[in-house]
There are 2 protein chains.
Amino acid sequence: MSAFKPLDPLLHSQLRLAVMSILISVESAEFTFLKEKTESTAGNLSVQLDKLDKAEYINITKSFKGKRPLTTCAITQKGIRAFESYVENLKNYIT
Amino acid sequence: MSAFKPLDPLLHSQLRLAVMSILISVESAEFTFLKEKTESTAGNLSVQLDKLDKAEYINITKSFKGKRPLTTCAITQKGIRAFESYVENLKNYIT
DNA sequence: TAAATAAGTTTATATTATAAACCAAAATAA
DNA sequence: TTATTTTGGTTTATAATATAAACTTATTTA
């Protein structure tokens, strides 16, 4: 009946949504890859990834690629559910 | 090619999006109607309607219904275009 | 006539999104 | 070798935003 269900504020953010949109279709993605694809600044991306991580929507793994730091992100089951639910809710607003 | 086009910040807001979602499918709507449908507080709604009005996404008409004030809102052509474009851009994020 | 309700607006606050500034290590240039 | 630039980020500062609380004015209702 097309009520306006609340939109998860964690996902209702351009950059975080873009990140989740990428992560939902790959096994994992590197920080630099996400930065390129989303055309965001490193600072902004870092902050938003932290928020997704704290919400347990993604897992962040820090390691090294050769000698350089490597931050890798992957979506969690909780993240997948949240994303799918967000998309469902959003449909009521845009159709 | 599914790039992440920027999402109009004026529309990327739960309440304003809900309002536009209603207005796009009716000729006009009263303040109290929008308030009920969106389950928002009057204060919040008032502020958000002002923003949509200033952006010329909607027109606000103030009159009287009997003796009580009546605020009526209607979407503009500019609003329709903005909404449709927002929805198109958003699809890249959620599909 | 006092109290409650209606229909909003204004103002205050807490949260956010964002980029600027910063940092450490590695690679490159001089 | 030493200086400079680049990489891969994090931390911090700021400006904008969403939201509700407080307020206003007029109208009913008790």
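All chains are named by letter (A, B, ...) in the order of the sequence lines, taking the proteins before the strands, and each is independently numbered beginning at 1.
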[X] has an atom [atom1]; how far is it from atom [atom2] of [N], in whole Å?
X	N	atom1	atom2	result
Leu34(B)	dG8(C)	CG	C1'	13 Å
Asp8(B)	dT17(D)	CG	P	11 Å
Phe64(B)	dT27(D)	CZ	C1'	11 Å
Phe33(B)	dA6(C)	CZ	P	18 Å
Leu10(B)	dA16(D)	CG	P	14 Å
Leu15(A)	dT18(C)	CG	P	7 Å
Leu70(A)	dA25(C)	CG	P	17 Å
Phe31(B)	dA6(C)	CZ	P	14 Å

OP1 or OP2 of [N] versus the side-chain N and O atoms of [X]: is any pair under 4.0 Å?
X	N	value
Arg68(A)	dT6(D)	no
Ser13(B)	dA18(D)	yes
Lys35(B)	dA20(D)	no
Thr41(B)	dT19(D)	no
Lys65(A)	dA25(C)	no

Which nucleotide in the set dG8(D), dA7(C), dA26(C) lies at the smallest distance from any side-chain heavy atom of Thr32(A)? dG8(D)

Kindly list each side-chain donor-acceptor pair under 3.5 angstrom involving residues 64-75 of chain A, sequence neighbours excluded, with atom names and distances?
from	atom 1	to	atom 2	distance (Å)
Lys65(A)	NZ	Glu30(A)	OE1	3.3

Relative to the ring of Tyr86(A), is the ring of His12(A) parallel (under 30°), tilted (30 to 60°) or perpendicular (over 60°)? tilted

Checking [X] side chain against [Y] main chain: does a donor-acceptor pair fall under 3.5 Å?
X	Y	value
Thr38(B)	Leu34(B)	yes
Arg16(B)	Gln48(B)	no
Ser21(A)	Leu17(A)	no
Ser25(A)	Ile22(A)	yes

Check Tyr57(A) against Met20(A) and note the closest heavy-atom contact, atom names and distance. CB-CE, 3.9 Å

Comparing Lys67(A) and Gln14(A) on DNA chain C - which has the more 5′ nearest nucleotide: Gln14(A)

5'-most contact on DNA chain C: Ser63(B) or Ser40(A), nearest heavy atom basis? Ser63(B)

Residues from residues 42-54 of chain A lying under 4.0 Å of DNA chain D - heavy atoms: Ala42(A), Gly43(A), Ser46(A), Val47(A)

